Trainee: 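Shown below is the structure under consideration.
Indexing begins at 1, ligand by ligand and atom by atom, following the structure's order. In this text, all values refer to a predicted model and were calculated from it rather than measured experimentally. Sequential numbering from 1 along the given sequence is applied to the chain's residues.
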Amino acid sequence: DTLEIVASKSTGSEECSTPEDNINVVVRVRPLNEKEKRDRHGSTLTFPGNGQVIIEGNDVGQKRSHNRDSVRVFTYNVVFEPGATQDDILDYSGIKRIIEMGIEGFSCTAFCYGQTGSGKTHTLTGPPDLFVGKPNPKDPRHGLIFRSFVYLFQLIKNRKDVNYVLKASFMEIYNERVIDLLNPGSARKPLAVRWSKKSGGFFVENLFTVDCEELDDLLAVLEEGMRNRAVGSHAMNDHSSRSHTILTVHILSDQQTDGGVFLSKHGKINFVDLAGSELTKKTMSEGKTLEEANNINKSLMVLGYCISSLSDAKKRSGHIPYRDSQLTKLLADSLAGNGVTLMIACVSPAHYNHAETLNTLRYASRAKRIRTKPVIMMDPREALILSLKRDIHALQMENDHL
Ligand code: ADP
Ligand code: MG
């Protein structure tokens, strides 16, 4: 079945509730695109199953060799291979548990990390043309956000005993400045991030929060935000790869218990499309871009640190630097609380992306050490066999093209 073919899950003894259950790390590998296929780019990744990814090869420009250092194995909760569908991500990423916890009043976050062009926006939102004109709710290309909305409505429609109110906001963080994607005017005058004594958390002052009674209302929020992001991106020399977006769904509920007590809950689900991870190192440029790169660098580093401390009791008891970036300030309640965090690491399989793919795989495995099995370095003979198998496959592909 699909799970076997396109996604492999790590089987392990840690299904029980350990602190590591707070974070789920999955990898999604996008397919090679038409140009990469035409240019006969092979894949730098192979998938032995069990939630593992093998990455092989050297950095661009270096001749591929069969040495021991060029083969690395990483293990995650789930690995989605290039053939995985948008539906597979909904079913097997762990997002359903996040939605269920959001309904129960927890603060949860799902975010996509990866280099520009690795499929973050595709995974969360869908292909770019989906939001040109009015999106069709039935379109099979919808990403994880809309699919989560559908699942959320299915669940709350079944709960006649509880009164739910849904609200949504959509913001962009560009260069440490917060822009309201539902209020284009805020692009000129960024919003302030403040500390609320009352709730004991950070919030964005004057951020539009829209009531969503129907699925259509949530879809309209997504559509409006995507449109404003595209417009802003155009005006500011395509900054979309250099900004983070956060779409938040608030789930407020009231339930009268048998004892007649009113139970009020406020759950939250954040969907975060992060800036391209490649910018964390490519800071050769100057001026504004350097400032941008530093800001992105910092927020992604701080985020990485905050997340890895979720599964590390020692770090958890120490100081966690949520206040060091706008992104982590705004996600702090979710990262520090009892909610669940889902990290989807998006990677390209193409050889010329090897260095960035390796970086993303490392960032993702730092976020959560999966202890189900020790990471095995392949012995050189096995690496050679694997590499030969790949060459044979590439030759077969070439043959097919002739
Ligand atoms: P990012 O947001 O990480 O910069 P995108 O989501 O924009 O990357 O993806 C780059 C391109 O690759 C887009 O044209 C997108 O439609 C395509 N793409 C990404 N992931 C997939 C996938 N899983 N299947 C098909 N096309 C994909
Ligand atoms: Mg994107």
Side-chain angles (χ1 to χ4, degrees), residues 2 5-7 26-39 41 43-45 47 53 78-93 95 110-132 135 139-147 170-174 179 181 222 225-234 236-247 271-280 282 292-293 296 299-300 303 327 343-350 352-353 355-357 359-361 363-364:
T2 20
I5 298 161
V6 296
V26 307
V27 169
R28 186 182 199 184
V29 184
R30 73 156 166 80
L32 291 170
N33 62 34
E34 288 311 315
K35 177 161 193 320
E36 289 161 351
K37 279 191 210 145
R38 248 183 287 122
D39 296 347
H41 280 285
S43 174
T44 183
L45 302 173
F47 313 101
V53 182
V78 181
V79 172
F80 294 97
E81 296 177 29
T85 63
Q86 300 286 55
D87 241 354
D88 291 331
I89 312 294
L90 177 76
D91 287 339
Y92 306 119
S93 65
I95 190 73
F111 67 89
C112 282
Y113 178 95
Q115 76 175 116
T116 300
S118 61
K120 297 181 295 296
T121 305
H122 180 93
T123 297
L124 284 173
T125 324
D129 52 331
L130 193 59
F131 290 91
V132 177
D139 197 313
R141 299 172 302 163
H142 273 292
L144 192 60
I145 295 179
F146 183 66
R147 283 164 197 276
F170 203 175
M171 68 178 113
E172 180 169 40
I173 304 174
Y174 174 63
I179 299 163
L181 287 175
L222 186 57
M226 291 307 286
R227 191 158 8 93
N228 285 332
R229 188 187 196 194
V231 170
S233 186
H234 210 71
M236 277 192 262
N237 189 20
D238 191 23
H239 75 253
S240 73
S241 67
R242 291 172 270 148
S243 68
H244 315 292
T245 61
I246 307 179
L247 184 147
F271 294 93
V272 186
D273 191 347
L274 293 170
S277 56
E278 73 281 3
L279 292 150
T280 59
K282 288 182 186 155
E292 271 174 3
I296 294 163
S299 59
L300 293 178
L303 178 69
L327 180 72
M343 169 172 179
I344 304 175
C346 297
V347 294
S348 153
Y352 70 97
N353 293 133
E356 288 303 340
T357 296
N359 270 329
T360 299
L361 293 177
Y363 185 97

Trainee: Any sub-3.5 Å donor-acceptor pair from R30's side-chain atoms to G117's backbone N or O?
Mentor: yes
Trainee: Within the distance-only criterion (no hydrogens, no angle test), does the side chain of D88 pair as donor or acceptor with the backbone N or O of T85 below 3.5 angstrom?
Mentor: yes
Trainee: Are the side chain of Q86 and the backbone of R141 linked by a donor-acceptor contact shorter than 3.5 Å?
Mentor: yes
Trainee: Can you list the protein N, O or S atoms less than 2.8 Å from the Mg ion (ligand 2)?
Mentor: T121 OG1
Trainee: Please check if the side chain of Y363 supplies one atom and the backbone of S277 the other of a donor-acceptor pair under 3.5 Å.
Mentor: no
Trainee: Are L303 and H244 packed together at the side-chain level, in the sense that at least one heavy-atom pair is separated by less than 4.5 angstrom?
Mentor: no
Trainee: Which protein N or O atoms sit under 3.5 Å from any N or O of ligand 1? Give atom names and distances.
Mentor:
{"residue": "ligand 1", "atom": "2 (O)", "partner": "T121", "partner atom": "N", "Å": "2.9"}
{"residue": "ligand 1", "atom": "2 (O)", "partner": "T121", "partner atom": "OG1", "Å": "2.8"}
{"residue": "ligand 1", "atom": "3 (O)", "partner": "S118", "partner atom": "N", "Å": "3.3"}
{"residue": "ligand 1", "atom": "3 (O)", "partner": "G119", "partner atom": "N", "Å": "3.1"}
{"residue": "ligand 1", "atom": "3 (O)", "partner": "K120", "partner atom": "N", "Å": "2.9"}
{"residue": "ligand 1", "atom": "3 (O)", "partner": "K120", "partner atom": "NZ", "Å": "2.8"}
{"residue": "ligand 1", "atom": "4 (O)", "partner": "G117", "partner atom": "N", "Å": "2.7"}
{"residue": "ligand 1", "atom": "6 (O)", "partner": "T121", "partner atom": "N", "Å": "3.3"}
{"residue": "ligand 1", "atom": "6 (O)", "partner": "H122", "partner atom": "N", "Å": "2.7"}
{"residue": "ligand 1", "atom": "8 (O)", "partner": "G119", "partner atom": "N", "Å": "3.1"}
{"residue": "ligand 1", "atom": "16 (O)", "partner": "H122", "partner atom": "ND1", "Å": "3.4"}

Trainee: I'd like to know if the side chain of R227 and the backbone of F131 have a donor-acceptor N/O pair within less than 3.5 Å.
Mentor: no
Trainee: Pairing donors with acceptors under 3.5 angstrom, does anything connect the side chains of E278 and T116?
Mentor: yes
Trainee: Could you check whether any side-chain N or O of K120 sits under 3.5 Å from a backbone N or O of C112, counting only pairs where one atom can act as donor and the other as acceptor?
Mentor: no
Trainee: Taking C-beta and beyond as the side chain, do D273 and R229 meet within less than 4.5 Å on heavy atoms?
Mentor: yes
